[in-house]
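Just so you know, these numbers come straight off a predicted model, no measurement behind them.
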Amino acid sequence: MAIEYKIAFPRTATDAVDDILRSATHFTQTIQFDNQLIYEYRLPSNSGKMPNGHASVESYGIYFCDFGGARDTMADVVKQITDRICTPNVAELE
C-alpha cells in the first residue's frame, strides 16, 4: 500500500522545483504519462518494475507517492524546498 503526500508551497520557482526533484536522493528517471512529467525514485537494491516512489509537479506544489522505501527521498525533497524556496505544508493524503 502506498502513502501519498501533498507538499504545498507557492509555485513561483518552477525551474528550482524541477532541479529539486531531479537532484533528490535515489532519482532515476522521468517519464511522461498523460501529459504529466513523473519523477521516479528507486533504491539501488530495487530491481523490480515498481519504483520506490514517484513525484509530480501540481498546481499546489508537489504530489509525492511512497510505494515503500522512499521516505528519505520525500524528506530530502521537503528539505530542499525549505532551503531554496520556503517551508512547505506537508500533508498525508487519504
Side-chain angles (χ1 to χ4, degrees):
M1 182 170 205
I3 302 172
E4 300 172 297
Y5 298 93
K6 177 180 179 179
I7 306 170
F9 57 94
R11 285 220 17 245
T12 56
T14 304
D15 290 340
V17 173
D18 179 70
D19 185 55
I20 288 167
L21 291 172
R22 289 178 187 274
S23 64
T25 305
H26 304 303
F27 170 76
T28 52
Q29 67 178 345
T30 58
I31 59 168
Q32 194 76 28
F33 182 75
D34 282 343
N35 296 320
Q36 180 76 34
L37 188 61
I38 307 294
Y39 300 77
E40 288 192 351
Y41 305 92
R42 183 180 300 274
L43 295 171
S45 60
N46 179 355
S47 60
K49 292 181 181 180
M50 179 78 96
N52 294 93
H54 75 227
S56 61
V57 178
E58 303 294 336
S59 61
Y60 55 79
I62 295 172
Y63 164 82
F64 191 93
C65 187
D66 180 353
F67 299 112
R71 187 168 176 84
D72 288 347
T73 300
M74 194 209 51
D76 184 27
V77 168
V78 170
K79 181 180 180 330
Q80 287 193 56
I81 292 168
T82 301
D83 292 347
R84 295 172 63 178
I85 301 172
C86 69
T87 301
N89 179 16
V90 180
E92 189 173 323
L93 301 173
E94 295 182 23

Pairing residues for [X] by the side-chain hydrogen bond (donor to acceptor under 3.5 Å, both in side chains) criterion, not counting sequence neighbours:
X     : result
Gln36 : none
Asp19 : Arg84
Thr82 : none

Go through the structure and list residues passing side chain to side chain contact (heavy atoms under 4.5 Å, CB included) with [X], not counting sequence neighbours.
X     : value
Gln32 : Leu37
Thr28 : Glu40, Arg42
Glu4  : Tyr63, Cys65, Leu93

Anything under 3.5 Å between a donor and an acceptor, one on a side chain of residues 67-74, the other on a protein residue two or more places apart or in another chain? List them.
residue	atom	partner	partner atom	Å
Thr73	OG1	Thr25	O	2.9

Counterpart residues, salt bridge (Lys or Arg N to Asp or Glu O under 4.0 Å), relative to Lys79 (two or more places apart):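 Residues passing salt bridge (Lys or Arg N to Asp or Glu O under 4.0 Å) with Lys79: Asp83.
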From CA spacing to verdict: side-chain contact (heavy atoms from CB on, under 4.5 Å), Ile81, Thr87: CA-CA 7 Å; Ile81 292 168; Thr87 301; over 6 Å; no
For Phe64, all residues meeting ring-ring contact (aromatic ring centres under 6.0 Å, His included), sequence neighbours excluded: Tyr41
ILVMFWY network linking Val90 to Tyr39, side-chain heavy atoms under 4.5 angstrom: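 In one cluster: yes.
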Joint cluster assignment, Ile38 & Ile20, ILVMFWY side-chain distance < 4.5 Å: no
Stepwise side-chain contact (heavy atoms from CB on, under 4.5 Å) test for Tyr60 and Ile7: CA-CA 8 Å; Tyr60 55 79; Ile7 306 170; over 6 Å; no
Contact list for residues 22-39, test salt bridge (Lys or Arg N to Asp or Glu O under 4.0 Å), sequence neighbours left out: Asp18-Arg22
Grab the two heavy atoms, one from [X] and one from [Y], that are nearest each other, plus how far apart they are.
X     : Y     : value
Ala55 : Leu21 : CB-CD2, 3.9 Å
Leu43 : Asn52 : N-OD1, 2.7 Å
Val78 : Pro88 : CG1-CG, 4.0 Å

Minimum side-chain heavy-atom gap His26-Pro51 below 4.5 Å: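 His26 does not reach Pro51 side chain to side chain.
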